[in-house]
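Heads up, the thing below is written out as structure tokens.
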Amino acid sequence: MATPLEQLVTRNWNNAVPMSALFELTFVCNHACSFCYNCPTGQKEMNTAEVFDALRKMAEFNVLYLTLSGGEPLVRRDFFEIAARARELGFALRIYTNGYLIDEAMAKKIKQIANPVEIEISLHGGTPETHDRLTCVPGSFRKIVSAVRFLRAEGIKVNFKTPVTRDNQGEVLEMERLAHELDVRIQFDTVITPRDDGDKDPLRLMATDDFLEKFWTDDAYRTARKEEVPLPRHDGPGEAVCGTGRSSFAIDPYGNIYPCVQLRRKAGNIKELENLRDMWRSSPVLIEVRKIAVDVAQKTLKTVQNGNQCGFCMGVAEVQLGDPTAIYPQIAKNAEYRAKAYNAWKERTGRSDEDAGGVQTKCAM
């Protein structure tokens with residue numbers, strides 16, 4: 001039987017009532033990762049008062065989970081003012097950071113002022129050489145390890161998130177061991193995305209086909225992929241492919257509102273709105289995106305090869321191919337190897353995906 005929280009999430013999903021928002025506080029960053037998707041435009045970023053006003057409007061809209069992101073959010077001098085205001089308004093906070101600025105004193109301050117439900121830190125290698133080469137910042141690996149230890153000492157939940165590239169694919173198991181040693185969860189993303197402006201240069205860093213096949217089919221990577229079996233998705237009638245513009249939304253440092261951080265279709269600007277509720281129901285952008293999300297689940301993924309193994313992102317499809325319903329090469333390649341592993345498991349065991357403990361989950365943000 002579903003818990004009250006699960007029932008609330010399902011009800012809000014079906015009724016397109018958002019529970020979460022991602023707020024990019026700044027595009028400034030103290031790292032220079034070559035595969036970063038951010039594309040600053042040179043506009044003036046919101047000041048403290050404008051951010052406070054945006055937080056108020058989100059609180060009045062009953063957003064529960066708020067992720068403070070960037071760029072690198074901790075480079076803002078007013079970060080802790082913002083975090084304190086967000087907590088006063090009742091948000092459950094998440095923080096996405098590269099960890100570089102977190103020393104013992106800052107870890108204590110984060111706990112005292114922000115008290116986040118979790119912090120996600122980007123890890124790009126299992127060795128200093130690889131991580132530092134991908135961030136282009138010497139010493140960043142050492143900083144990240146110490147940051148995690150300081151945060152865990154404060155009892156803060158920490159997750160590593162790792163884009164798998166051809167430069168770090170040989171260290172996936174080493175990164176997993178490091179996460180275990182530091183008592184944090186690690187999530188590997190095997191899909192590299194273009195930049196928000198359509199620049200496809202980051203795609204050259206995509207993991208090799210040989211590695212992707214091993215990742216999805218080799219038992220050595222079973223715990224790294226967080227699935228004993230790569231389970232297919234089962235989108236029921238009328239269900240959407242993800243929560244884009246439905247259960248969540250994103251705001252950039254200039255106040256622009258998007259269905260999600262990957263799908264940069266401007267639905268409005270929070271500085272210009274009296275409230276979010278009217279925009280949420282009437283925005284042509286959001287109405288169209290919600291329809292596309294259903295079409296992708298009900299049409300695209302049910303008609304293409306291995307569609308039920310695609311962790312599909314409309315934003316990546318649109319920026320890469322100009323069509324939010326198109327199957328982009330990275331996801332097709334991952335789906336091919338996921339299907340291979342799943343079919344081999346079924347043939348070997350004679351079991352179904354329900355026997356394996358569930359179905360593939362959707363992306364809420």
Side-chain angles (χ1 to χ4, degrees), residues 20 22 24 27 33-39 67 69-70 96 120 122 124 161-166 169 187-209 212 215-216 225 230 233 235 240-252 256-267 285-286 288-339 360-365:
S20 64
L22 185 145
E24 296 173 311
F27 281 148
C33 304
S34 56
F35 45 84
C36 181
Y37 58 78
N38 283 159
C39 294
T67 299
S69 182
Y96 289 176
E120 287 200 2
S122 302
H124 301 299
K161 52 181 179 180
T162 299
V164 180
T165 68
R166 62 187 56 225
Q169 63 186 31
Q187 184 70 42
F188 295 101
D189 187 353
T190 55
V191 176
I192 299 297
T193 65
R195 293 195 176 94
D196 289 337
D197 62 1
D199 182 356
K200 298 181 178 61
D201 187 59
L203 300 182
R204 64 183 174 81
L205 291 171
M206 187 74 184
T208 64
D209 289 356
L212 291 175
F215 183 83
W216 292 115
R225 62 180 177 249
R233 59 188 306 134
D235 296 300
V241 72
C242 69
T244 299
R246 181 179 299 271
S247 64
S248 60
F249 59 94
I251 300 176
D252 75 8
N256 297 315
I257 302 167
Y258 302 105
C260 86
V261 72
Q262 291 286 356
L263 189 57
R264 300 273 174 165
R265 292 191 182 188
K266 182 179 173 180
V285 168
L286 294 177
E288 181 182 11
V289 164
R290 291 174 197 140
K291 179 182 182 303
I292 293 171
V294 173
D295 288 344
V296 169
Q298 303 303 319
K299 298 176 183 178
T300 303
L301 298 186
K302 292 188 184 299
T303 57
V304 300
Q305 186 176 17
N306 303 321
N308 67 349
Q309 285 286 0
C310 287
F312 192 85
C313 175
M314 297 187 298
V316 175
E318 179 155 280
V319 75
Q320 186 167 339
L321 300 176
D323 179 355
T325 70
I327 300 294
Y328 43 102
Q330 312 97 291
I331 203 65
K333 185 60 66 174
N334 276 275
E336 175 188 347
Y337 295 133
R338 286 178 59 90
Q360 189 185 88
T361 58
K362 300 180 180 69
C363 173
M365 170 55 76

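The figures that follow rest on heavy atoms only: side chains count, while hydrogens, waters and symmetry mates do not.
A donor-acceptor pair under 3.5 Å links the side-chain atoms of R225 to the main chain of F215, judged by distance alone. A donor-acceptor pair under 3.5 Å links the side-chain atoms of R166 to the main chain of M206, judged by distance alone. Side-chain atoms of R264 do not come within 3.5 Å of backbone N or O of Y258 as any donor-acceptor pair. A distance-only check finds a donor-acceptor pair linking the side chain of R290 to the backbone of G245 [under 3.5 Å].
For C242 against M314, the heavy-atom pair with the smallest separation is SG-CE, 4.2 Å. Nearest heavy-atom pair across V261 and E24 is CG2-OE2, 3.4 Å. In this structure, G315 and L263 approach most closely via the heavy-atom pair CA-CD1, 3.7 Å. In terms of heavy-atom proximity, A326 sits nearest to A317 at O-CB, 3.3 Å. Here the closest non-hydrogen pair linking A240 and A297 is C-CB, 3.8 Å. Listed here is the closest heavy atom pair of G311 and I331: O-CD1, 3.5 Å.
In this structure, P194 and L203 have side chains that are in contact, with non-hydrogen atoms separated by less than 4.5 Å.
To the nearest 0.5 Å, the span separating CG on L212 from CD on Q169 amounts to 7.5 Å. Put simply, OG1 on T162 and NE2 on H124 are 7.5 Å apart, with the number rounded to the nearest 0.5 Å. Taken from CD1 in I257 to CG in D252, the straight-line distance is 9.5 Å, to the nearest 0.5 Å. A distance of 9.5 Å separates SG of C260 from CG of L22, quoted to the nearest 0.5 Å. One finds the NZ atom of K266 at 4.5 Å from the CG atom of N256 (value rounded to the nearest 0.5 Å). Within the model, atoms CG of L286 and OG1 of T244 stand 10.5 Å from one another, a figure rounded to the nearest 0.5 Å.
Between K333 and E336 there is a salt bridge, since at least one side-chain N of the basic residue sits less than 4.0 Å from a carboxylate O of the acidic one.
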Using side chain to side chain contact (heavy atoms under 4.5 Å, CB included), reason through E120 and T67 one step at a time and then give a plain yes or no. CA-CA 10 Å; E120 287 200 2; T67 299; over 6 Å; no

Please step through side chain to side chain contact (heavy atoms under 4.5 Å, CB included) for the pair D189 and K161, ending with a clear verdict. CA-CA 8 Å; D189 187 353; K161 52 181 179 180; over 6 Å; no

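Environment of NZ in K291: sparse, with no more than 12 heavy atoms of neighbouring residues, nucleotides or ligands closer than 6.0 Å.
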N/O donor-acceptor pairs under 3.5 Å from side chains in residues 299-306, not counting sequence neighbours:
{"from": "K302", "atom 1": "NZ", "to": "D235", "atom 2": "O", "distance (Å)": "3.1"}
{"from": "T303", "atom 1": "OG1", "to": "K299", "atom 2": "O", "distance (Å)": "2.9"}
{"from": "T303", "atom 1": "OG1", "to": "T300", "atom 2": "O", "distance (Å)": "3.1"}

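Within the structure, side chain to side chain donor-acceptor pair (under 3.5 Å) pairs that include any residue of residues 315-332 comprise R265-E318, Q320-Q330, D323-T325 (at least two apart or interchain).
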